[in-house]
Amino acid sequence: MKVLWQDILYLWRSIWVLRLAMLYLAGLTLLIVALPILPLAYTPNHMDLGNTFLKPFTSQLHWLGTDQLGRDVLVNILYGARNGLLIAIPVMLISSLLGTTIGAVAGYFGNYKLQLKRSSFLVILCSVFVAIYYLLYLPLQVSGRDLPTSVTYTSVGMGAIIILSFWLLLRPLLSQLSFFQKQLTFPIDSFILRTIELVTSLPKLLILISVSAFAPPSVLLLSIIFICTYWTVTARLARAEMLRIRQLPYMEAAVSIGMKPRRIIINEGIPNMISPIVVAFIFGTSGLLAIESTLSFLGIGLPATFPSWGRTIAGIRSNLSAWWLVAFPGGLLSITVLALQICSYYLVRITQERQRS
């Protein structure tokens, strides 16, 4: 983490393009944080039907004009930026955490190092099925049927209790039987690689369109699909980094003094791969902003009442001469994605230079 911070300070002092991009992102973040206290005259879904398709800079009430329903473009751009980042950043945080953990474990253990008792393997298998049902399937059903949010919390709590019961009660009981005490060698590396290949072989847009065909659009559904498809990038990167650093002297020293694999991965492995993970996080955030706007433009992403840049741009379908519905949100989206790409590019470059030296 200290090396990453030193890289950022060096880039800040030496590259003005990166400095400009970081200042823009900081300003956008401050604007989004201060959005609730800004003196905006309208809400994002407020319809001023007497001023539809109002051109920009012609009214003091609507500085950037209005869309086909009289909704203020400026307000929708600001709330669209907030909603886009509120989806992209949490999704990438969870995806990065999941992918880093899976990739680091696969890279460290390989195909022959991971030894599991039969009891642990059975409990893991049962826990996966319970997690899919209670933590994924039921919350999606609750979201799709507009049931109270408390049902989702109940489902998540029930799933957590059952999984804990498996590990605290069922596993010790099974361990008493001689059949379940035998060790299994689990080829975790091959399993993870085949899973990554399976997930990445399916186009993300095709998955989203297929799911939206039988489930109503919602923020939760969109976030889950993004997490299930984006963790592979970080996992592949973390696996490659772990394969490289596990050969280094300090990792061999940690093994020789008897450190447990879990401590080696958490204390020695993951901290030394944080720079490429941060790069993947920034790159993924820019990609998520773009794909979220694309899905909202197509009407298969967020609900129609949810402000987004894509929804504002989609208003051009009703009036092709309303250029401001594309220019302002599209320009802000392009600048934001470009700023994130610039940050990730220079971080990648300085990381590669340090590794070569």
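Note that this is a predicted model, so its numbers are computed, not measured.
- Relative to the ring axis of Tyr108, Lys113 places its NZ or CZ within 45° and under 6.0 Å from the centre.
- The local environment of OH in Tyr79 is crowded, with over 12 non-hydrogen atoms from other residues, nucleotides or ligands closer than 6.0 Å.
- Checking side-chain atoms of Thr100 against main-chain N and O of Leu97 turns up no donor-acceptor pair under 3.5 Å.
- Under the 3.5 Å distance criterion, the side-chain polar atoms of Arg246 are matched with a main-chain donor or acceptor of Gly107.
- Atom OG of Ser223 and atom OH of Tyr230 lie 12.0 Å apart (nearest 0.5 Å).
- Heavy-atom neighbours of Gln60 CD from other residues, nucleotides or ligands within 6.0 Å: at or below the threshold of 12.
- If you take CD1 on Ile77 and OG1 on Thr312, they are separated by 6.5 Å, rounding to the nearest 0.5 Å.
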If you apply the rule side chain to side chain contact (heavy atoms under 4.5 Å, CB included), what do you find for Leu325 with Phe53, and how did you get there? CA-CA 9 Å; Leu325 296 180; Phe53 289 121; 3.9 Å; yes
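- Proximity of a side-chain donor or acceptor of Arg71 to a complementary backbone N or O of His46 within less than 3.5 Å is not detected.
- Annotation: Met22, atom CE; neighbour count of heavy atoms from other residues, nucleotides and ligands within 6.0 Å is above 12.
- Between Phe180 and Leu174 the shortest heavy-atom distance is CB-O, 3.3 Å.
- Across every non-hydrogen atom of His62 and Gly70, the tightest pair is CE1-O, 4.3 Å.
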Extract all donor-acceptor atom pairs below 3.5 Å that involve side chains of residues 29-41 and protein atoms in other chains or at least two apart in sequence.
| residue | atom | partner | partner atom | Å |
| --- | --- | --- | --- | --- |
| Thr29 | OG1 | Leu25 | O | 2.7 |

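- In Trp167, the CH2 atom is crowded: over 12 heavy atoms of neighbouring residues, nucleotides or ligands sit closer than 6.0 Å.
- Formation of a donor-acceptor pair under 3.5 Å by the Ser201 side chain with backbone atoms of Leu198 is found in this model.
- In the model, Asn45 has no side-chain atom that pairs as donor or acceptor with a side-chain atom of Thr43 under 3.5 Å.
- Here the side chain of Gln181 pairs a donor or acceptor atom with the backbone of Ser175 at under 3.5 angstrom.
- In this structure a side-chain-to-backbone donor-acceptor pair under 3.5 Å is missing from Asn76 to Pro307.
- Residues passing the salt bridge (charged side-chain N to carboxylate O under 4.0 Å, His left out) test with Arg194 are Glu197, sequence neighbours excluded.
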Which side-chain N or O atoms in residues 131-140 pair as donor and acceptor under 3.5 Å with protein atoms at least two apart or in another chain?
none

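- In this structure, Lys117 and Gln183 have side chains that are in contact, with non-hydrogen atoms separated by less than 4.5 Å.
- A cation-pi arrangement, defined by a distance under 6.0 Å to the six-membered ring centre and an angle within 45 degrees of its axis, is absent between Arg311 and Phe297.
- Side-chain contact check for Ile124 versus Leu116: some heavy-atom pair is nearer than 4.5 Å.
- Minimum interatomic distance between Trp12 and Leu18 (heavy atoms only, all atoms of both residues): N-CD2, 4.3 Å.
- The shortest heavy-atom contact between Arg118 and Phe179 is NH1-CE1, 2.7 Å.
- Interatomic distance, Ser334 OG to Leu289 CG, rounded to the nearest 0.5 Å: 11.5 Å.
- When side chains are defined from C-beta on, Phe281 does not count as touching Pro276, because their heavy atoms never get closer than 4.5 Å.
- Side chain of Trp231 to backbone of Cys228: a donor-acceptor contact under 3.5 angstrom is found.
- With hydrophobic clusters built from ILVMFWY side chains whose heavy atoms lie under 4.5 angstrom apart, Leu93 shares a cluster with Ile224.
- The hydrophobic cluster around Tyr112 extends to none of the other residues, as no ILVMFWY side-chain heavy atom falls under 4.5 Å of it.
- With hydrogens and angles left out, the side-chain atoms of Ser190 and Asn111 include a donor and acceptor closer than 3.5 Å.
- Ile161 and Tyr153 are not part of a single hydrophobic cluster, where members link through side-chain heavy atoms under 4.5 Å apart.
- Two residues are said to be in side-chain contact when any heavy atoms from C-beta on lie closer than 4.5 Å; Arg239 and Ile196 fail this criterion.
- Leu193 CG to Thr232 OG1: the interatomic distance, rounded to the nearest 0.5 Å, is 11.5 Å.
- Of the possible donor and acceptor atoms, none in the side chain of Asp67 sits under 3.5 Å from a partner among the backbone N and O of Thr52.
- Using a distance-only test at 3.5 Å, with no hydrogens or angles considered, a donor-acceptor pair links the side chain of Trp324 to the main chain of Thr66.
- Using bins of under 30°, 30° to 60° and over 60° for the plane-to-plane angle, the ring pair Phe186/Phe121 lands in the tilted bin.
- Scanning for side chain to side chain contact (heavy atoms under 4.5 Å, CB included) contacts around Tyr250 gives Ile245, Leu248, Glu268, Asn272, with sequence neighbours left out.
- With sequence neighbours excluded, no residue satisfies salt bridge (charged side-chain N to carboxylate O under 4.0 Å, His left out) with Asp48.
- At most 12 heavy atoms of other shown residues, nucleotides or ligands fall within 6.0 angstrom of atom CZ in Arg263.
- Ser95 contributes no side-chain N or O that, together with a main-chain N or O of Met92, makes up a donor-acceptor pair within less than 3.5 Å.
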